[in-house]
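One structure below.
This chain uses plain numbering: 1 for the first residue, then up along the sequence. Each ligand, and each atom within it, is numbered from 1 in the order the structure gives. This is a predicted model, so every value here is computed, not measured.
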Amino acid sequence: MERLTSPARLMIVSDLDHTMVDHHDPENLSLLRFNSLWEHAYRHDSLLVFSTGRSPTLYKELRKEKPLLTPDVTIMSVGTEITYGNSMVPDNGWVDTLNNKWDLGVVKEETGNFSELTLQAETEQRPHKVSFYVDKSKAHEVTKELSQRLEKRGLDVKIIYSGGMDLDILPQGAGKGQALAYLLKKLKSEGKLPVNTLACGDSGNDAELFSVPDVYGVMVSNAQEELLKWHAENAKDNPKVIHAKERCAGGIIQAIGEFKLGPSLSPRDVSDFLECKADENVNPGHEVVKFFLFYERWRRGEVENSEAYIASLKASCHPGGVFVHPSGAEKSLVDTIDELRKYHGDKQGKKFRVWVDQVLATESAHGTWIVKLDKWEQSGEERRGCTTTVKFTAKEGEGLVWERVEQTWSEESKLKKDDSSWII
Ligand code: GLC
Ligand code: MG
């Protein structure tokens, strides 16, 4: 969060399963649309927060399965664990507040008396979260009885039912809503309260997010019955909360537009962005997002196999520009673009997607820009990523010129043996 020196223009706080991630879409299209929009228009001055019921273990698994961006803040285990940045540094101050009237041993003992409860996987049992499965028809009754029993034992807990099957027991002061309130308070104390905050969710454990004061909210179109019921009973008259028409990340994009929180047109929804040079503001980050999207479309054969594209790309490269391939080989940038010709449509009808993460541009000297990003490529069942650095120069009247592109394999991609299938 130190990355930003002033308040974020927008802070998105989103649930993952069935909100950011559509498990019914094997192509991950709405997520990829969101990703491009975020990297294009928000990454540099806004904050991305994921708030999931998953434990750190299952969260990391999801990151391997789906093209998720790297958030600035990760809230896991239903608001009981907060971490910051890429290296996920835990907020120990938050953990300390959760010990009030909480005793894991007592929760385990009391829940043992309910045959309706089936314990979830070991990974999902956390210091401040005990989780079960329970049938929809039993959930209400079990919740009521269990609350009474735990109260008698001197505990102050919160029991949350989600997804029509999951029952979580947390300290009263925990939960996604409380974790968000804590984060907002922390940002405020640093003089960095976001200009706007948008909470996004689909199920019971997200309900609290929508009652945090001054926060916009979107329940995605596919929201669960329990969340819609909660909304009808508690937040029906709040104009800051909408039920989107679109599923998952599509609903998030829709909400950004409806609440006028900033740009809501994803570069993925623009068919010919290489032609649109209308953007007068020099923004090297935009160039990179657009280039890699073009690269995906070129290889999928979704743009015309036209010399004009190659010519336009070459025109934006410095004639002496260098590309350092992740294998270490150095090539000319212009030759690399030339080579692209033979790959037009080679991924047609195949599983092939490209996305960029953490695109950040800094002006290193007047007119010289360094853009750092992670470029990812999913090809069939294989996924690889490269830390990428692009150096641009901005020349009066000529726009941005690509000077140098340098790539190195990300940790998990180093182990793969074949370097030759990676073009750029
Ligand atoms: C995630 C967690 C699970 C929890 C559920 C609802 O699926 O893995 O433990 O019960 O979210 O919060
Ligand atoms: Mg969910």
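Using a 3.5 Å distance cut-off with no hydrogens or angles, the side chains of R149 and T111 do not pair a donor with an acceptor.
Listed by number with element, the atoms of ligand 1 under 4.0 Å from a non-hydrogen atom of V78 are 12 (O). Residue contact check: N205 has heavy atoms under 4.0 Å from atoms 6 (C), 12 (O) of ligand 1. Atom numbering of ligand 1 starts at 1 in the shown order; those under 4.0 Å from a heavy atom of S131 are 9 (O), 10 (O). In the vicinity of E124, heavy-atom distances shorter than 4.0 Å reach the ligand 1 atoms 2 (C), 8 (O), 9 (O). Residue R54 has at least one heavy-atom neighbour below 4.0 Å for each of these atoms of ligand 1: 1 (C), 2 (C), 8 (O).
Taking the charged nitrogens against the carboxylate oxygens, R353 and E27 do have a contact shorter than 4.0 Å, which makes a salt bridge. Salt bridge K229/E233: present, at least one basic N to carboxylate O contact under 4.0 Å.
No side-chain donor-acceptor contact under 3.5 Å links Y42 to the backbone of L48. Put simply, the side chain of N222 gets close to the backbone of C248: a donor and an acceptor are under 3.5 Å apart. Side-chain atoms of S46 come within 3.5 Å of backbone atoms of L10 as a donor-acceptor pair (strictly under, hydrogens ignored).
Here the options are K347, K350, R299, the test is side chain to side chain donor-acceptor pair (under 3.5 Å), and the partner is S379; only K347 passes. Partner of D357 under the salt bridge (charged side-chain N to carboxylate O under 4.0 Å, His left out) criterion, chosen from K372, R43, K375: R43.
Between Q120 and ligand 1, an N or O atom pair is found at a separation short of 3.5 Å. Residue K129 places at least one N or O, backbone or side chain, under 3.5 Å from an N or O of ligand 1.
What sits closest to atom 4 (C) of ligand 1 on the protein, heavy atoms only, is D168 OD1, 3.4 Å. The protein heavy atom nearest to atom 7 (O) of ligand 1 is D166 OD2, 4.2 Å.
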Check the pair Q358, L373 against side chain to side chain contact (heavy atoms under 4.5 Å, CB included), reporting the backbone distance first and the verdict last.
-> CA-CA 5 Å; Q358 304 199 89; L373 65 140; over 6 Å; no
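Protein nitrogen, oxygen and sulfur atoms, that is N, O or S, within less than 2.8 Å of the Mg ion (ligand 2) amount to 3.
The aromatic rings of W298 and F294 lie tilted to each other, with the angle between the two planes from 30° to 60°.
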